[in-house]
**Student:** 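Can you keep this structure in mind? I'll have questions shortly.
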Protein chains: 2
Amino acid sequence: MLARTLPDEDWTARQGEVLEAALGLLVEEGATLTTAGVARAASCSKETLYKWFGDRDGLLTAIVRWQAAKVKLPRIDRERLDAASLREGITSFARNLLGVLSSDTSVALNRLAISHGGTGLGAIVLENGRREMGRRLKPVLEAGRDAKLLRFDASETAFRTYFGLVVRDVQIRLLLGEDCRFGGAEIAADAERATDQFFALYGADEMQALPAEQNA
Amino acid sequence: MLARTLPDEDWTARQGEVLEAALGLLVEEGATLTTAGVARAASCSKETLYKWFGDRDGLLTAIVRWQAAKVKLPRIDRERLDAASLREGITSFARNLLGVLSSDTSVALNRLAISHGGTGLGAIVLENGRREMGRRLKPVLEAGRDAKLLRFDASETAFRTYFGLVVRDVQIRLLLGEDCRFGGAEIAADAERATDQFFALYGADEMQALPAEQNA
DNA sequence: GCCGAACCGTACGGTACGGTACGGTCGCGG
DNA sequence: CCGCGACCGTACCGTACCGTACGGTTCGGC
């Protein structure tokens, strides 16, 4: 397997510290992030910033990549797959997704990428966010299909439906500034609900036992 | 019926022209919109802009409200409700929603509101976008429930599920700059798929005839 | 025809920020 | 001890843009 399509850039420890400080500042200051502010927060000089990252855009790109490289959730293994483990794998994926999307860091990074038009930042976030999520879950879904536990034609379509059932309007509401921050309990309940609905739509016949209308 | 909860600010014809020009400029220039640019595009002076809207923020707010006041989709009437008309009402709502969300104007306005942190712009977009959509569809859903065609406890939850099934990851992908622009055919197909899935989840028993796994 | 209000076009001050240059400091190899 | 490279802090420059001021023009009322 290829390590990554992206050239997994390796920063030095000091550069990592700077990027970490920049990320923290981005979370609390939003898109009004300034190079002077980063230099101050990271106790480094602007000249060094420009020497390392070349450009303000380069710095922002590095921040996004830095965060993207950090979230390396363990892939779910497809061995030992029965109905219960499949369901738990899918549900835990949803919990994870909701937890990430509702984090301050994710909101700040998505805000940055969105406000930054089309300079590639959005593509990076898309590739390491939404796309990577699909890459994580699809093998599980396909294993479930192989085990006759799920029925679907295209795993991409099935994943997008699950994504919609899980996320619904949460991400856009967070991005638009509504503080519908919810804790672990609500996340777990939402993940359960979405999984119930997903199995009602894509489960093999014997899996569709649970009624779908148990709304939170 | 109350006209609107918002004080339906009435601009003069000339002010409407200016706002229209500003909206067009916002679509093609994005968040880098400048007052001088608006003045140039609208053939008016910056002084007039500040006289009318007070502030750059006031101008942006006026643009958002202006667009919000324009999209006055006809509410669906709940009379003469059988299975076919309910389904058509819901599906046409989904078509409408997808059409609006994928429009350049919607993308630009959402980008603006998102990049603009928490200065109320996001709240306005939320109120006139996502919230208004709920206000439109919920009566239809409740009428369907009264007619024993749908089953759910909270119409809000049912609506949010439908929202997720319709929109999925489309909006965030558009906001992040991916050009997954699709035409009327794809929109119609997506609306049909989402409606099938919605009836599979929330339809009364005799409505769940259609299989759910007909993926695009 | 005259006045005033509204508005257009433009020019200007203030400021914030991206990007650069320069002096000073630390650590290391010779 | 010397030189050197990396880096910090800061001062600085150019530019872009917000917000305002001013002269000129149009238009309705009298």
Side-chain angles (χ1 to χ4, degrees), chain A residues 9-66 108-109 111-121, chain B residues 9-66 108 111-113 115-121:
Chain A
E9 36 222 328
D10 42 359
W11 305 106
T12 69
R14 174 65 180 139
Q15 287 167 333
E17 290 175 24
V18 171
L19 287 175
E20 199 60 34
L23 186 58
L25 200 61
L26 172 68
V27 167
E28 68 186 25
E29 288 207 358
T32 69
L33 192 71
T34 155
T35 57
V38 172
R40 204 178 325 116
S43 293
C44 76
S45 74
K46 281 175 62 178
E47 187 172 14
T48 303
L49 286 184
Y50 283 93
K51 181 189 190 71
W52 285 345
F53 307 108
D55 202 349
R56 181 173 188 263
D57 257 35
L59 173 60
L60 298 180
T61 306
I63 294 174
V64 172
R65 292 192 130 96
W66 175 256
L109 284 176
R111 282 223 184 99
L112 175 67
I114 286 172
S115 69
H116 208 266
T119 336
L121 266 187
Chain B
E9 37 222 326
D10 40 1
W11 305 107
T12 70
R14 175 62 180 141
Q15 287 167 334
E17 289 176 23
V18 171
L19 287 175
E20 199 59 34
L23 186 59
L25 200 62
L26 173 67
V27 168
E28 68 186 27
E29 289 207 359
T32 68
L33 192 73
T34 154
T35 56
V38 172
R40 204 176 326 115
S43 294
C44 77
S45 74
K46 281 175 63 177
E47 188 173 13
T48 304
L49 286 184
Y50 282 93
K51 180 191 192 68
W52 285 347
F53 307 108
D55 202 349
R56 183 173 187 264
D57 257 36
L59 173 62
L60 297 180
T61 305
I63 295 174
V64 172
R65 290 196 130 96
W66 176 256
R111 281 220 184 101
L112 175 67
S115 69
H116 209 263
T119 335
L121 266 185

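In what follows, chains are A, B, ... by sequence order, proteins preceding strands, each numbered from 1.
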**Student:** Check B:Leu33 against B:Arg56 and note the closest heavy-atom contact, atom names and distance.
**Tutor:** O-NH2, 2.6 Å
**Student:** Let me know the distance between CG of B:Asp57 and P of D:dC17, rounded to the nearest Å.
**Tutor:** 17 Å
**Student:** Output, in order, the C-alpha distance, side-chain angles, deciding distance and verdict of side chain to side chain contact (heavy atoms under 4.5 Å, CB included) for B:Leu19 and B:Arg65.
**Tutor:** CA-CA 10 Å; B:Leu19 287 175; B:Arg65 290 196 130 96; over 6 Å; no
**Student:** Please evaluate residues A:Leu60 and A:Leu26 with respect to the criterion side chain to side chain contact (heavy atoms under 4.5 Å, CB included), reporting the C-alpha separation (whole Å), side-chain torsions for both, the decisive distance (0.1 Å), and the verdict.
**Tutor:** CA-CA 9 Å; A:Leu60 298 180; A:Leu26 172 68; 5.6 Å; no
**Student:** With axes from five pairs an end, tell me the bend angle of the helix from C:dG1-D:dC30 to C:dG30-D:dC1, nearest 10°.
**Tutor:** 0°
**Student:** Verify side chain to side chain contact (heavy atoms under 4.5 Å, CB included) between A:Ile63 and A:Leu112, making sure each step is shown before the conclusion.
**Tutor:** CA-CA 11 Å; A:Ile63 294 174; A:Leu112 175 67; 5.6 Å; no
**Student:** Would you kindly give the OH-to-P distance between B:Tyr50 and C:dC7, to the nearest whole Å?
**Tutor:** 17 Å
**Student:** Classify every nucleotide of nucleotides 8-17 of chain C by which part a protein heavy atom approaches to under 4.0 Å, writing B for the base, S for the sugar-phosphate alone and - for neither, in 5'-to-3' order.
**Tutor:** BB--------
**Student:** Hey, mind stepping through B:Cys44 and B:Leu49 against side chain to side chain contact (heavy atoms under 4.5 Å, CB included) and telling me if it holds?
**Tutor:** CA-CA 8 Å; B:Cys44 77; B:Leu49 286 184; 3.8 Å; yes
**Student:** What is the minimum heavy-atom distance between A:Glu29 and A:Thr32, and which atoms define it?
**Tutor:** O-OG1, 3.1 Å
**Student:** Using whole Å, report how far CG of B:Asp55 lies from P of D:dC17.
**Tutor:** 17 Å
**Student:** Only counting residues at least two apart or in another chain, list the ones meeting side-chain contact (heavy atoms from CB on, under 4.5 Å) with B:Glu20.
**Tutor:** B:Leu23, B:Trp66, B:Lys70
**Student:** Which value, rounded to the nearest 0.5 Å, describes the distance between A:Glu47 atom CD and A:Thr35 atom OG1?
**Tutor:** 12.5 Å
